[in-house]
Asks: 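Pasting a structure here, questions to come.
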Amino acid sequence: MPDRSLPIGVFDSGVGGLTVLAALEAALPGERFLYLGDTARLPYGTKSPASVARYASQCAGALVARGIKLLVVACNTAASAALPALARQFPTLPVIGVVEPGAAAAVAATRSGHIAVIATEGTIRAGAYQAAIGALSSDVRVTALSGSLFVALAEEGWTEGPIVELAARRYLDAAFAQPLPPDTLLLGCTHFPVLGRALAGVLPAGVTLVDSAATTARAVAQLLAQRGLASPLAVGATHFLATDGPERFARVGSIFLGRPLLAAEVELVDV
Ligand code: DGL
């Protein structure tokens with residue numbers, strides 16, 4: 001039985017997973033978290049599945065080596081390419097991805113039964129959301145859109161303004177102009193929630209935006225309770241690791257985390 005006061009490991013290609021970490025911190029205030037952003041090799045979304053699976057294995061290995069009781073793959077691209085392989089690599093470690101929780105949030109939100117999902121090229125190519133939504137409901141229609149440029153905009157800290165709006169129109173307009181258009185837009189990349197306001201501004205009225213953060217936090221809370229792994233601590237803490245650029249990680253990361261983050265809080269690591 002692992003030590004219940006060990007941290008929960010969380011990783012992403014960069015700062016995107018901090019949107020999931022923020023939800024985890026809010027839902028589980030007594031937990032310790034160890035967050036790794038693989039900023040040296042970002043973006044994952046345009047890389048081959050084999051490279052992403054290798055990066056994911058190395059990130060998970062680095063977190064496991066420091067001691068974690070549960071792993072959250074806070075990157076849709078890595079979860080799509082590597083979740084079963086990670087579960088095989090670490091057979092005693094509970095591993096949760098963000099795709100199934102995101103799919104559940106979208107299926108719960110749609111009224112018309114037509115969901116658009118926007119994610120990286122890798123996640124869309126893998127068909128991860130199409131499969132996860134199909135497994136939850138056979139009569140939901142999915143329009144899958146790849147929007148890799150949003151990752152660069154979000155990492156640049158450009159969350160609003162004319163360039164974000166132009167990119168959003170280019171990616172979204174045709175999908176929402178089709179007959180019987182989607183009524184729900186699922187943000188299938190953990191970098192995208194920071195663009196939510198700009199995306200809502202170009203979508204037709206009444207479209208619901210959903211992401212995986214809150215449902216992933218709920219899934220983690222349930223799993224901790226089921227396995228008897230919930231922290232005995234009253235107050236948690238988070239330690240940050242990045243494979244490149246702690247200053248940049250802290251500066252842009254604060255936008256994703258919704259609170260100030262100092263470069264001194266970010267440890268530079270090699271995985
Ligand atoms: N944030 C990641 C995701 O959810 C990947 C972004 C990237 O590195 O391309 O897919």
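The structure presented is a predicted model; accordingly, all values stated were derived computationally and were not measured. Indexing begins at 1, ligand by ligand and atom by atom, following the structure's order.
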Asks: In ligand 1, which numbered atoms sit nearer than 4.0 Å to a non-hydrogen atom of His191?
Replies: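 In order of numbering, the contacting atoms are 1 (N), 2 (C), 6 (C).
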Asks: Counting only nitrogen or oxygen atoms and a 3.5 angstrom limit, does Thr190 reach ligand 1?
Replies: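 Yes, at least one N or O pair falls under 3.5 Å.
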Asks: Taking only heavy atoms of Ser13 into account, list the atoms of ligand 1 that are under 4.0 Å away from them.
Replies: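 Ligand 1 atoms under the 4.0 Å threshold to Ser13: 5 (C), 6 (C), 7 (C), 8 (O).
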Asks: Are a donor atom and an acceptor atom from the side chains of Thr110 and Asp183 found within less than 3.5 Å of each other?
Replies: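 There is such a pair (donor and acceptor under 3.5 Å, judged by atom type) between the side chains of Thr110 and Asp183.
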Asks: Quick one: nearest non-hydrogen protein atom to atom 10 (O) of ligand 1, plus distance?
Replies: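 Here the nearest protein heavy atom works out to Thr77 OG1, 2.6 Å.
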Asks: Parallel, tilted or perpendicular, judged at 30° and 60°: which one describes the rings of Phe192 and Phe150?
Replies: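 Judged by the thresholds at 30° and 60°, the geometry between Phe192 and Phe150 is perpendicular.
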Asks: As an exercise, state the distance from CG of Leu42 to SG of Cys75, rounded to the nearest 0.5 Å.
Replies: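 One finds 9.0 Å between CG of Leu42 and SG of Cys75.
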Asks: With a 4.0 Å cut-off on N to O distance, would you call Glu25 and Arg259 a salt bridge?
Replies: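 So Glu25 pairs with Arg259 through a salt bridge.
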Asks: Could you name the option among Phe192, Phe256, Tyr44 that has the heavy atom nearest to atom 7 (C) of ligand 1?
Replies: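 Among Phe192, Phe256, Tyr44, the closest heavy atom to atom 7 (C) of ligand 1 belongs to Tyr44.
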Asks: Does ligand 1 have an atom under 4.0 Å from some heavy atom of Cys75?
Replies: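 Under 4.0 Å: yes for Cys75.
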Asks: Got a donor-acceptor contact below 3.5 angstrom from the Glu31 side chain to the Ala230 backbone?
Replies: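 No, because the side chain of Glu31 does not come within donor-acceptor range (under 3.5 Å) of the backbone of Ala230.
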Asks: For atom 9 (O) of ligand 1, what is the nearest protein heavy atom, given as residue, atom name and distance?
Replies: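 Heavy-atom neighbour on the protein nearest atom 9 (O) of ligand 1: Gly45 N, 2.7 Å.
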Asks: With heavy atoms only and a cut-off of under 4.0 Å, state how Val151 meets ligand 1: side chain, backbone, both or neither.
Replies: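 Within the 4.0 Å criterion, Val151 contacts ligand 1 through side-chain atoms alone.
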Asks: May I ask you to identify, for Asp12, whether its side chain, its backbone, both or neither come under 4.0 Å of ligand 1 on a heavy-atom basis?
Replies: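 Near ligand 1, Asp12 shows its side chain, while the N, CA, C and O stay back.
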Asks: For Arg66, does the CZ atom sit with more than 12 other heavy atoms under 6.0 Å from it, leaving out its own atoms?
Replies: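 Yes.
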Asks: What's the separation between atom CG in Leu241 and atom CG in Leu34, rounded to the nearest 0.5 Å?
Replies: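 One finds 4.5 Å between CG of Leu241 and CG of Leu34.
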